[in-house]
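Report on the structure given below.
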Amino acid sequence: MFHKILPVGPLQCNCSILGDEQTHEAMVIDPGDQIDDILNILRSERLTLKQIVVTHAHIDHVGGAMKLKAATGAPILMNQDDYALLKMLDMQAAWVGMRPPGPVTVDEALSEGSVLKIGTIPSNVIHTPGHTEGSICLYFPEEKKLIAGDTLFAGSIGRTDLPGGNFEKIIRSLHTRLLALPDETQVMPGHGPETTIGDERETNPFLQK
Ligand SMILES: [Zn+2]
């Protein structure tokens, strides 16, 4: 599986560009900004974008989704519990000093248990409320890889003091869902460096019993 991580925008959201090397079909996760750079990578890898997945409706993760959809025709997929946050993008833009991206429309709702495919490569949607109500992670069982959005970071977890955040819920999501994954699972957080489930289980201060 092709996987390029591109930190985008002023908050350096980790945008993932994933592709099936057999079929040349691709998925982009969290196109917060720098859509021209994302399009250049798709073009140079000869990938056809089939799906735009948004882990949650914070502007640094979703800000460029409509521009990417306009350029490629790919649908936008997100959990419906974040639709209310999506209606507040102008306010979010003002908080972080970004230009408001305009309205974003979701084409398909993702929920717990949804199975997505890039070509022949499957991935499972895990609903992990806490950072936001509609936060999801995407797990690729064949690659043992997790795209974690802002739920889990190397040595930390997502903040819960923004609208829709809930500390008890993120702790429950982490313990019951993410720590259920194998230790060798590679984790790509929404910001900052990569980690593994095993490393976080052992050393993350928020995940100790
Ligand atoms: Zn966030």
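Quick note: numbers below take in every heavy atom, side chains included, and nothing from hydrogens, waters or symmetry partners. When a ligand or atom number is given, it counts from 1 through the structure's own listing order. Keep in mind the model is a prediction, meaning the values are calculated, not measured.
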Check the side chains of [Y] and [X] for a donor-acceptor pair under 3.5 angstrom, ignoring hydrogens and angles.
| X | Y | answer |
| --- | --- | --- |
| Asp150 | His61 | yes |
| Glu200 | Thr195 | yes |
| Lys145 | His3 | yes |
| Thr132 | Asp82 | yes |
| Ser111 | His127 | no |

For this session: Would you please test Ile29 and Thr55 for side-chain contact (heavy atoms from CB on, under 4.5 Å) and show each step?
Result: CA-CA 7 Å; Ile29 305 176; Thr55 60; 3.8 Å; yes
For this session: Work out how many protein N, O or S atoms lie closer to the Zn ion (ligand 1) than 2.8 Å.
Result: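 Atoms of protein N, O or S type lying less than 2.8 Å from the Zn ion (ligand 1) total 4.
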